[in-house]
Colleague: 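Below is a structure I'd like to ask you about.
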Number of protein chains: 2
Amino acid sequence: MSPSPVIEDTLKTIYHLQQEAGPPVGTSAIADRLDKAQATVTSTLDRLEDQELITREPYQGCELTDKGRTVAVEVLRHHRLLETYLADHLDYPWEQVHEEADRLEHHISEEFERRLAETLENPRRDPHGDPIPGEDLEPPNQDPMTPLSACEVGDRVVITRVSDRNEDDLAYLADVGITPGTAVHIVDVAPFGMITLDVDGTEQAIPEEVATSIRVTSLNDVDDSVSVDHRGDA
Amino acid sequence: MSPSPVIEDTLKTIYHLQQEAGPPVGTSAIADRLDKAQATVTSTLDRLEDQELITREPYQGCELTDKGRTVAVEVLRHHRLLETYLADHLDYPWEQVHEEADRLEHHISEEFERRLAETLENPRRDPHGDPIPGEDLEPPNQDPMTPLSACEVGDRVVITRVSDRNEDDLAYLADVGITPGTAVHIVDVAPFGMITLDVDGTEQAIPEEVATSIRVTSLNDVDDSVSVDHRGDA
DNA sequence: GTATTAAATTAGGGTAGGCTAAATTATGAC
DNA sequence: GTCATAATTTAGCCTACCCTAATTTAATAC
């Protein structure tokens with residue numbers, strides 16, 4: 001039986017949390033991300049454990065098995081291929097692709113996945129700058145990237161990815177011209193306030209909460225493995 | 001709350017059965033089509049009635065309300081837009097589009113539906129020759145069409161639609177060159193056996209079970225309302 | 001009208017996925 | 001070490017869907 005949307009969403013969330021803070025991943029962290037009650041997640045984790053998709057230490061947290069990680073990565077591949085396709089072929093605005101992909105990722109066939117990848121010519125990055133896992137379903141290595149709010153003033157940097165979490169923030173960033181591939185100059189970083197950027201000659205002030213969802217790379221570090229400029233649509 | 005896939009599939013099935021034989025639609029006819037137990041369908045119909053999507057006479061059958069028919073037609077629009085898109089833009093073979101569309105039809109947003117229709121330039125027929133309902137969700141008028149097995153020998157006819165029910169039959173028909181828009185000559189109709197057609201100069205024998213899924217229109221009757229030749233890919 | 005039969009419903013039971021409230025366990029303060 | 005708190009699990013309940021088996025109703029034959 002192929003995994004249900006709930007199972008896939010839970011595995012995907014554990015995968016992301018593992019990337020961010022490493023295992024073990026706690027129940028309430030998952031519940032927060034999925035907007036479910038803790039008890040609901042506990043019973044879902046029971047099922048994941050039965051299916052050998054995670055290992056678990058009572059009261060301590062869980063960790064993906066190889067099997068679980070492969071499922072998570074496949075869902076991630078679906079998600080990012082869909083985002084890319086929606087933006088490139090159906091003219092979706094950059095900030096709207098996430099929501100649609102989040103539903104469809106659970107319902108496309110292997111055939112559909114293949115044809116998407118083929119039509120897009122096996123893209124390596126999605127519209128947010130995130131790496132798209134390959135057909136082998138190896139976890140993509142997350143490039144070590146610095147959040148914008150932690151950058152030094154005076155850096156000349158290039159945006160490599162923008163989190164796809166919040167649609168309003170995304171729309172705002174797209175509006176001021178900040179997309180993966182944009183080169184910017186950091187004019188000022190205030191400890192508790194706005195971060196000022198020079199974007200294409202215009203100064204833009206970004207609230208810090210929003211800025212932390214932007215990851216940047218120093219211009220010197222731009223190389224093939226990061227490959228940010230294949231998708232500079234703004 | 002938007003209707004679940006089970007609710008949508010049941011409404012779609014009732015819609016089709018109403019088109020074929022008119023209301024009331026019996027429980028076991030629905031159960032057969034959906035490959036579910038009768039008792040399962042009975043309890044689904046209870047829910048449909050609660051939601052005012054159907055009316056029901058105990059032991060007699062059910063009928064769609066306006067509300068229920070609108071939901072069914074929207075699902076039908078999704079299905080046929082998806083089939084058309086898969087065939088035209090993702091290079092799906094004609095006989096494979098049905099299965100993929102049957103899952104995805106329940107999971108696309110109104111936005112996705114709009115962008116599909118726009119990209120396809122508001123198509124009127126899907127790859128099987130079936131009419132695609134418009135944005136207004138008015139039920140498309142099913143053109144009165146004759147099943148092939150009921151045609152007179154000697155007719156010069158044009159294929160207007162081919163049922164999308166059975167993938168194997170579809171592949172076979174596509175293989176011998178029978179798709180919506182093909183003009184054929186009926187050479188022979190045996191009472192219990194094969195039907196012989198002249199397709200593009202070659203004689204093709206079709207088993208009667210398969211032939212009944214092909215609907216035809218006399219060449220004289222071909223007009224704008226039927227518009228079969230905008231999609232003659234074979 | 002009665003008997004047969006087919007169709008439909010009811011009865012009873014199962015799993016997945018959702019919740020709140022109560023109990024339990026781990027953790028950090030002191 | 002004890003205590004307060006936070007995280008986690010358990011207990012108990014709900015709905016949607018799914019099933020089989022038993023019952024009821026409708027339709028048909030005679």
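Only this structure's heavy atoms are used, side chains among them; waters, hydrogens and symmetry mates stay out.
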Colleague: On DNA chain C, check which nucleotide each of A/D35 and B/R56 is closest to and give me the residue with the more 5' one.
Modeller: B/R56
Colleague: Report yes if a side-chain nitrogen or oxygen of B/T27 is closer than 4.0 Å to either non-bridging phosphate oxygen (OP1 or OP2) of C/dA7; otherwise report no.
Modeller: no
Colleague: Report yes if at least one side-chain N or O of A/S28 is closer than 4.0 Å to OP1 or OP2 of D/dT8; otherwise report no.
Modeller: yes
Colleague: Ring centroid separation for A/H107 and B/H106, is it under 6.0 angstrom?
Modeller: no
Colleague: Starting at CG of B/D9 and ending at C1' of D/dA16, how long is that distance when rounded to a whole Å?
Modeller: 15 Å
Colleague: So does B/K12 pair up with B/D102, basic N to acidic O under 4.0 Å?
Modeller: yes
Colleague: Report yes or no: is the cationic atom of A/R115 (NZ for Lys, CZ for Arg) closer than 6.0 Å to the six-membered ring centre of B/Y92, at no more than 45° off its axis?
Modeller: yes
Colleague: Taking 4.0 angstrom as the limit, do A/E20 and A/R33 come out as a salt bridge?
Modeller: yes
Colleague: Could you say whether A/Q60 or A/A39 is positioned toward the 5' end of DNA chain C, judged by the nucleotide with the nearest heavy atom to each?
Modeller: A/A39
Colleague: Side-chain N or O of B/T42 less than 4.0 angstrom from OP1 or OP2 on C/dA8?
Modeller: no
Colleague: Does C/dG18 have OP1 or OP2 sitting under 4.0 Å from an N or O in the side chain of A/T40?
Modeller: no
Colleague: Touch check for A/S4, heavy atoms < 4.0 angstrom, all strands: base, sugar-phosphate only, or nothing?
Modeller: sugar-phosphate
